[in-house]
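For reference, the structure is listed below as structure tokens.
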There are 2 protein chains.
Amino acid sequence: MGTETAGPEARQPVMADVAKLAGVSHQTVSRVLNGAPHVRPGTRDRVLAAIRELDYRPNSAARALVTRRSQTLGVVSFESTLYGPASMLDGIERAARSAGYFVSVASLRSLDTRSVQEAVDRLRDQGVEGIVVIAPQTSAVSAVAKVSSSVPVVAVGSGARSSIPTVTVDNRSGAEAATRQLLDLGHRTVHHLAGPAGWLESQDRQEGWRRALKAADARVPTLAAGDWSSRSGYEAGQRIALLTDVTAVFCANDHMALGLLRALHEAGRSVPGDISVVGFDDIPEAAYFIPPLTTVRQDFGELGRRALELLVAELGGSDHPISRIRIAPEMVLRRSAGPARRA
Amino acid sequence: MGTETAGPEARQPVMADVAKLAGVSHQTVSRVLNGAPHVRPGTRDRVLAAIRELDYRPNSAARALVTRRSQTLGVVSFESTLYGPASMLDGIERAARSAGYFVSVASLRSLDTRSVQEAVDRLRDQGVEGIVVIAPQTSAVSAVAKVSSSVPVVAVGSGARSSIPTVTVDNRSGAEAATRQLLDLGHRTVHHLAGPAGWLESQDRQEGWRRALKAADARVPTLAAGDWSSRSGYEAGQRIALLTDVTAVFCANDHMALGLLRALHEAGRSVPGDISVVGFDDIPEAAYFIPPLTTVRQDFGELGRRALELLVAELGGSDHPISRIRIAPEMVLRRSAGPARRA
DNA sequence: GTTCCGTTTGTTCGCGCTCACAACCGGGCC
DNA sequence: GGCCCGGTTGTGAGCGCGAACAAACGGAAC
């Protein structure tokens with residue numbers, strides 16, 4: 001101990017070092033650090049000064065060991081390179097920080113239960129106190145519900161019929177609004193380019209579309225489906241361009257709408273002259289499509305933030321029954337949707 | 001101790017529990033867990049069985065405390081909702097996982113030194129063993145270099161003149177290739193819609209463009225600059241559309257190219273008929289722009305992966321001098337660039 | 001049969017911290 | 001003057017694990 005010269009590899013200072021320098025016990029240092037009451041201002045100041053002088057930083061592992069709290073939250077995400085998931089992650093991280101938590105991420109390789117299990121285990125091994133799942137697929141959500149371990153889990157962006165707390169945009173009413181908008185513009189009916197099967201969002205948006213059609217007594221056309229990508233939108237668009245009776249298409253997301261727009265353009269069908277198009281998401285680029293895309297905006301960042309707040313509330317002990325937060329989306333009117341011809 | 005009945009809140013099993021069940025000492029359990037040699041197969045099996053039966057999971061905080069290794073790497077990112085940063089993060093996470101590390105993220109509020117300092121501190125407080133910085137701005141990189149603490153730091157996606165190890169795409173040669181491509185198509189010169197000042201990528205791409213022009217003895221037109229967003233591309237496009245002598249534009253990224261395309265379209269200038277456009281990045285949507293965008297592809301995921309490998313190598317003790325990995329980008333030819341008129 | 005050595009297992013300690021509790025200090029009160 | 005009490009500080013223990021060392025075991029060599 002006494003023989004420890006501050007050699008070339010002077011180790012990180014620990015609480016005892018601070019205590020010695022400030023002339024107090026390590027416990028007093030701890031009290032200052034944790035804002036405990038009953039510390040004389042003068043003492044506090046000396047401790048603070050010592051901390052600053054040594055550039056002391058508490059060892060989080062030691063603290064976690066004794067408090068049994070890692071101050072870390074986990075995020076499981078899939079396809080996190082997409083705008084939606086990336087924005088949600090961003091929102092989560094910001095909210096976590098202001099709630100005093102670190103954020104650890106685990107991305108999914110695929111969507112089967114095993115992969116989800118693996119990611120959740122990984123996070124648990126790290127000792128996270130709670131998990132947010134960004135995985136809007138039916139399979140992923142049910143997988144999570146199944147593995148749902150000892151730590152609280154919240155799902156975000158997914159549809160809302162899982163058994164775990166969920167924060168999501170109201171996809172159904174958003175889709176309904178988009179469809180109605182088109183109907184109000186005088187279109188006899190509205191076609192739908194849906195997302196892939198197995199995604200809650202696909203289902204909900206499709207339902208909203210269907211409902212709006214039914215409410216207006218409009219014919220329900222056969223469905224086209226893509227996989228969210230521009231490519232799939234383009235391919236569907238090539239087929240749709242051949243159908244002469246199509247005057248309005250509601251796409252399940254903006255990326256597919258982009259592909260659709262180009263297919264229509266190449267086929268010589270003008271938008272919105274011949275065909276009106278509406279998307280969903282309002283990605284930052286949507287306003288710069290040709291023509292600018294009318295779409296349904298959802299605030300991904302807000303979604304992430306709310307999900308994290310929900311998780312923190314749960315950690316706070318208020319284990320109220322399962323909660324579902326549903327945020328209303330908002331229509332953004334641009335030029336890609338216009339009145340039906342001969343209206 | 002003996003009075004501890006497995007009440008309703010049976011605590012997590014610890015190594016001692018496993019040891020007792022398997023009839024060995026805790027140290028033997030530890031040996032099995034860490035794959036130490038000299039454990040009789042029979043013993044190992046009994047331990048493994050006990051672990052499984054109790055669903056025991058090692059406490060990472062305790063391990064971190066004694067080994068002084070958190071098995072966690074930090075990522076500092078800015079504007080992580082963008083495709084590039086998000087993809088890099090994804091690549092980093094995947095590589096980290098296969099290297100046996102957890103990943104913790106900290107996003108930057110703004111780009112000043114204080115904000116960077118804050119993020120790095122946050123990560124250090126958490127005990128990360130190394131940090132990857134996704135922050136391609138000159139200011140951020142220099143800030144990082146300054147705060148560069150006791151933990152190794154690697155920058156990714158940023159230009160390459162910082163004092164810290166860096167992984168980046170060769171922006172200069174990519175931009176040069178893009179410009180040359182346009183020149184080869186017969187354009188007398190090429191205009192450039194640059195990224196915002198202060199970004200290394202802006203500078204490098206601009207340099208590449210300038211170099212290609214010089215090499216071809218072409219006139220160097222005045223520069224337009226945006227902020228990477230489609231909106232800024234659109235606004236610049238409106239000005240460019242007014243210039244009758246512009247026949248080719250190289251945009252510093254695809255998003256701005258999108259805005260530019262629309263501005264040109266609205267102004268009645270056809271692409272590539274009147275004006276050729278080339279972008280940079282090759283975001284997934286670029287192939288579905290109107291017209292499909294010729295661009296320079298960079299593999300963000302690969303960038304992230306390589307950065308992480310570099311960091312891990314550094315942690316491995318091989319503190320070789322500063323390394324710079326530079327990955328060659330690749331031109332993707334599509335329809336937005338064509339021969340000059342009257343060629 | 002003894003010695004020696006490598007394999008296998010157990011014991012002890014301490015990582016840096018927080019918690020529970022004990023000790024101390026000083027002023028107000030009887 | 002002694003007692004009580006609240007504010008303030010210190011002491012000891014232990015969180016769960018891995019490292020270092022010690023012990024026990026068994027076979028080979030003599």
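Keep in mind that the numbers below use all heavy atoms, side chains included, and drop hydrogens, waters and symmetry copies. In what follows, every chain begins at residue 1, and chains take the letters A, B, ... in the order their sequences are listed.
Applying the salt bridge (charged side-chain N to carboxylate O under 4.0 Å, His left out) test to residues at least two apart or on different chains, none of the pairs has a partner in residues 77-87 of chain B. Every pair passing salt bridge (charged side-chain N to carboxylate O under 4.0 Å, His left out) that includes a residue from residues 128-137 of chain B is listed here, sequence neighbours excluded: B:R69-B:E129. The side-chain hydrogen bond (donor to acceptor under 3.5 Å, both in side chains) analysis of residues 33-51 of chain A, with sequence neighbours excluded, yields the pairs A:S30-A:N34, A:N34-A:R63. Residues in residues 49-58 of chain B take part in these side-chain hydrogen bond (donor to acceptor under 3.5 Å, both in side chains) pairs, two or more places apart or across chains: A:D125-B:R57.
With sequence neighbours excluded, no residue forms a ring-ring contact (aromatic ring centres under 6.0 Å, His included) with B:Y101. Residues passing the side chain to side chain donor-acceptor pair (under 3.5 Å) test with A:R31, sequence neighbours excluded: none. Every residue meeting the ring-ring contact (aromatic ring centres under 6.0 Å, His included) condition with A:Y83, not counting sequence neighbours, appears here in chain and number order: A:F300.
The stretch residues 28-40 of chain A comes close to DNA chain C through A:S30, A:N34, each having a heavy atom under 4.0 Å from the strand.
Of all heavy-atom pairs between A:L311 and A:G130, the closest is CD2-C, 3.8 Å. The two residues B:V156 and B:L303 have their closest heavy-atom pair at CG2-O, 3.6 Å.
Contact check on A:E302 versus A:R306 returns a salt bridge, with a Lys/Arg side-chain nitrogen under 4.0 Å from an Asp/Glu carboxylate oxygen. A salt bridge between B:R97 and B:E93 is present, with a side-chain N of the basic residue lying under 4.0 Å from a carboxylate O of the acidic one.
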At a cut-off of 3.5 Å, list every protein nitrogen or oxygen paired with a nitrogen or oxygen from nucleotides 13-15 of chain C, distance to 0.1 Å.
from   : atom 1 : to    : atom 2 : distance (Å)
C:dC15 : O3'    : B:R68 : NH2    : 2.8

Report all interatomic pairs (protein N or O, nucleotide N or O of nucleotides 24-27 of chain C) with separations under 3.5 Å.
none

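Note: CZ (B:R44) to P (C:dT7) measures 15 Å, nearest angstrom.
End-to-end axis angle of the helix from C:dG1-D:dC30 to C:dC30-D:dG1, using five pairs per end and rounding to 10°, comes to 60°.
When A:V151, A:V154, A:L308 are each tested for a side chain to side chain contact (heavy atoms under 4.5 Å, CB included) with A:L73, only one passes: A:L308.
The backbone N or O of A:Q126 lies less than 3.5 Å from a partner atom in the side chain of B:S60, making a donor-acceptor pair. Side-chain atoms of B:S104 come within 3.5 Å of backbone atoms of A:V103 as a donor-acceptor pair (strictly under, hydrogens ignored).
Inter-residue side-chain proximity for A:S107 and B:D90 is flagged as met; some heavy-atom pair is nearer than 4.5 Å.
Mapping B:Q27 and B:P41 onto DNA chain C via the closest heavy atom, the residue that lands nearer the 5' end is B:P41.
First and last contacts of DNA chain D with chain A, using any nucleotide atom under 4.0 Å from a protein heavy atom and ordered 5' to 3', fall at D:dG7 to D:dG16.
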